[in-house]
Amino acid sequence: MYASLKEWINVPYAIRPFIKYNGAGTKVYDERVESLCYPVGDVKVVLDASGVEVTSTATLYVPGNEPIKDTDMVIFEGRERSIIRITNYYRNGVVDLKVVYL
């Protein structure tokens, strides 16, 4: 299953890495970094970072070495979207695939 998913990771998206909060408490992001993913447009209920159930309307599968964090912003299909949660799939003790819920 994972091998086929990794073969389908060919759709462009971008990450805007989180840098810090400014004095007003607003998130400050760095310049966008282009990358590839395998998107799935599905609706799921997932737990966010604080353990609250939230509805995710899109899932991106990205390579395990992708430098993405749940505080980053994702730009997909021309829209900026916050990350609800990231889960990891491991192979031989190393993150092989990341699942990003938007």
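Everything numeric here is computed off the predicted structure, so don't read it as measured data.
- Note on Ile84 and Val99: same hydrophobic cluster, where clusters join Ile, Leu, Val, Met, Phe, Trp and Tyr whose side-chain heavy atoms are under 4.5 Å apart, directly or indirectly.
- In this structure, Asp72 contributes its side chain and Phe18 its backbone to a donor-acceptor pair below 3.5 Å.
- Looking only at side-chain heavy atoms (C-beta outward), Leu36 and Tyr13 stay at 4.5 Å or farther from each other.
- In this structure, Lys27 NZ and Lys20 NZ are separated by 15.0 Å, a value rounded to the nearest 0.5 Å.
- Counting non-hydrogen atoms of neighbouring residues, nucleotides and ligands closer than 6.0 angstrom, the CD atom of Glu53 reaches no more than 12 such neighbours.
- A salt bridge links Arg16 to Glu80: at least one charged side-chain nitrogen sits closer than 4.0 Å to a carboxylate oxygen.
- For the residue pair Thr57 / Arg81, a side-chain donor-acceptor distance below 3.5 Å is found, with atom types taken as modelled.
- The shortest non-hydrogen separation linking Asn88 to Lys98 is OD1-CG, 3.3 Å.
- Both Tyr101 and Trp8 belong to a single network of hydrophobic side chains, linked directly or stepwise wherever heavy atoms of I, L, V, M, F, W or Y lie under 4.5 Å apart.
- Transitive grouping of hydrophobic side chains (ILVMFWY, heavy atoms separated by less than 4.5 Å) brings Tyr29 and Tyr21 into a common cluster.
- The hydrophobic cluster containing Val11 also contains Ile15, counting ILVMFWY residues as joined when their side-chain heavy atoms lie under 4.5 angstrom apart, directly or transitively.
- Residues Val54 and Leu47 form no side-chain contact, since every pair of their non-hydrogen atoms from C-beta on lies 4.5 Å or further apart.
- Residues Val62 and Ile86 share a hydrophobic cluster, clusters being chains of Ile/Leu/Val/Met/Phe/Trp/Tyr side chains in contact below 4.5 Å.
- Taking the six-membered ring where tryptophan is involved, the planes of Tyr38 and Tyr61 are tilted, since the angle between them lies from 30° to 60°.
- The shortest side-chain heavy-atom distance between Val74 and Ile68 falls under the 4.5 Å cut-off.
- Looking at Ser56, its side chain never comes within 3.5 Å of a backbone N or O of Val45 through a donor-acceptor pair.
- For the pair Thr59/Leu102, no side-chain contact is recorded, criterion being any heavy-atom separation below 4.5 Å from C-beta on.
- In terms of heavy-atom proximity, Glu31 sits nearest to Pro17 at O-CD, 3.4 Å.
- The shortest side-chain heavy-atom distance between Pro63 and Leu97 does not fall under the 4.5 Å cut-off.
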